[in-house]
Amino acid sequence: MADPTRRRLLDALFKDDGQTLGALEGRFRMTRFGVMKHLKQLEEAGLVVTKKRGREKLHFLNPVPIRLVHDRWVSKYAEPWTSALSGLKTKLEARMEKVFEIYIKTTPERLWEAITDSEIRSKYNFGVRIDSDWTRGSKFETSHPGTAAPLGEGENLEVDPPRRLVQSMRALWDDDVKKEGTSRVTWEIEPVGDSCRLTVTHDQLREGANEELYGGWPMILSGLKTWLETGKLLTTPGSLMYATPEPASSKR
């Protein structure tokens, strides 16, 4: 991040996410190889994620590492920064398609369980539970003990444990998000040594979609990583906003 070119690349993706190498190259007075070299370093740092679209390779800004820094360090020592970083997070995520990547020291099977088990899911997803039989074409529903009506619903489009889960999603928690209709969430798990790379793609969002639909992903994934690696819950104000207290008997 000390290199100004790498900061400018992140700025370019902040303004227009999902760009090709050619589009990014046109913004700089340097060779294609030079731009590729900087992008590779950003990919290795986890700040840029790439996805194939036909013959094109698109580059996306990944805000999850920023969220992790905030959750594990900034909120402990500089709470007044919280609102400023939350504003930055909102700006980073305001796109039609969002791609999030995180590495978690766990097995694919345990990661799949954490995604699909309702009790575990509630520990890192603002207390929200998810219920489904997890077969292709089946329905799922999300709920919270503090609300009477479902918070969301959808269909399991692809179910390939412990590698890939594709779901349609319709948010129901208020009238504004209901108007957004249905979007799609894809979970992809890839073993890497003794860890897993988890990529979450939230797409089929209309341009200018309500940020409540996808703004919580960095905190959710940060909470998922924390739970699997430490067995503890996040204690930042945002993560506790809708969470329910964890019974002592369920801690592990």
Side-chain angles (χ1 to χ4, degrees), residues 1-74 85 88-108 111 115 160 162-166 184-205 214-215 217-226 228-229:
M1 291 299 299
D3 188 285
T5 300
R6 290 194 282 276
R7 293 198 298 271
R8 287 181 58 199
L9 280 167
L10 293 177
D11 286 340
L13 293 175
F14 157 72
K15 294 178 181 178
D16 186 12
D17 216 2
Q19 294 190 57
T20 63
L21 173 61
L24 290 168
E25 178 189 0
R27 298 174 179 268
F28 298 90
R29 294 181 178 178
M30 66 170 57
T31 65
R32 185 181 185 87
F33 177 78
V35 175
M36 289 175 62
K37 182 178 178 181
H38 286 295
L39 284 171
K40 183 178 180 181
Q41 291 177 310
L42 290 172
E43 285 186 60
E44 291 174 350
L47 294 170
V48 169
V49 181
T50 60
K51 298 284 284 188
K52 279 284 190 178
R53 291 290 185 273
R55 295 183 177 181
E56 293 184 327
K57 183 179 180 181
L58 304 183
H59 299 77
F60 293 86
L61 193 63
N62 181 27
V64 175
I66 298 173
R67 182 78 250 179
L68 285 169
V69 170
H70 171 264
D71 288 338
R72 294 192 178 188
W73 297 105
V74 176
L85 284 178
L88 172 62
K89 177 179 72 69
T90 299
K91 292 181 180 180
L92 289 173
E93 296 168 10
R95 297 294 182 267
M96 293 174 60
E97 176 182 18
K98 297 307 301 178
V99 181
F100 307 91
E101 180 181 272
I102 191 168
Y103 286 82
I104 304 175
K105 191 171 184 179
T106 188
T107 64
L111 179 51
I115 294 169
D160 182 18
R163 293 183 290 271
R164 179 178 169 89
L165 175 65
V166 183
R184 182 177 63 182
V185 177
T186 300
W187 305 74
E188 296 174 290
I189 300 171
E190 180 185 353
V192 181
D194 63 353
S195 302
C196 290
R197 177 169 62 197
L198 174 63
T199 304
V200 174
T201 303
H202 194 165
D203 61 2
Q204 296 185 359
L205 294 157
Y214 53 88
W217 279 117
M219 190 177 292
I220 291 170
L221 297 179
S222 179
L224 172 59
K225 177 180 174 70
T226 299
L228 284 171
E229 293 184 346

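Since this is a predicted model, take the numbers as computed values, not measurements. Along the sequence shown, residues are numbered consecutively beginning with 1.
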I would like to know whether Leu111 and Leu224 meet side-chain contact (heavy atoms from CB on, under 4.5 Å); could you show each step before the answer? CA-CA 9 Å; Leu111 179 51; Leu224 172 59; 3.8 Å; yes
Grab the two heavy atoms, one from Glu229 and one from Tyr103, that are nearest each other, plus how far apart they are. OE2-O, 4.1 Å
Using 0.5 Å steps for rounding, measure from the CG atom of Leu228 to the OG1 atom of Thr107. 8.5 Å
When rounded to the nearest 0.5 Å, the distance separating CG of Asp203 from NZ of Lys51 is 8.5 Å
Taking Glu190 for its side chain and Arg197 for its backbone only, find out whether a donor-acceptor pair lies under 3.5 Å. no
Does any N or O in the side chain of Asp194 come within less than 3.5 Å of the main-chain N or O of Lys105, such that one atom is a donor and the other an acceptor? no
CD1/Ile104 to OG1/Thr226 distance, rounded to the nearest 0.5 angstrom? 9.0 Å
Interatomic distance, CZ@Phe33 vs NZ@Lys40, rounded to 0.5 Å, equals 8.5 Å
Side-chain heavy atoms of Val48 within contact of Leu10, under 4.5 Å: yes
Could you grab the distance from atom OG1 of Thr201 to atom CD of Glu101, nearest 0.5 Å is fine? 9.5 Å
Tightest non-hydrogen contact, residues Cys196 and Pro108, listed as SG-N, 3.4 Å
Can you tell me if Met36 has over 12 outside heavy atoms packed within less than 6.0 Å of its CE? no
Answer whether the closest heavy-atom distance between the side chains of Ile189 and Leu198 falls below 4.5 Å. yes
Stepwise side-chain contact (heavy atoms from CB on, under 4.5 Å) test for Trp217 and Lys98: CA-CA 10 Å; Trp217 279 117; Lys98 297 307 301 178; over 6 Å; no
I'd like to check Leu13 versus Leu24 (side-chain heavy atoms, cut-off strictly below 4.5 Å). Are they in contact? yes
Close side-chain approach of Leu58 and Thr20, heavy atoms under 4.5 Å: yes
dist Leu221:CG -> Lys225:NZ (nearest 0.5 Å) comes out at 11.0 Å
Restricting to non-hydrogen atoms, name the atom on Thr186 and the atom on Glu188 that form the minimum distance, rounded to 0.1 Å. CG2-CG, 3.8 Å
Residue of the set Arg27, Glu56, His59, Lys57 for which side-chain hydrogen bond (donor to acceptor under 3.5 Å, both in side chains) holds with Gln19: Arg27
For Phe100 and Asn62, work out which heavy atoms get closest and say how close. CA-OD1, 3.5 Å
Is any side-chain heavy atom of Glu97 closer than 4.5 Å to one of Phe60? yes
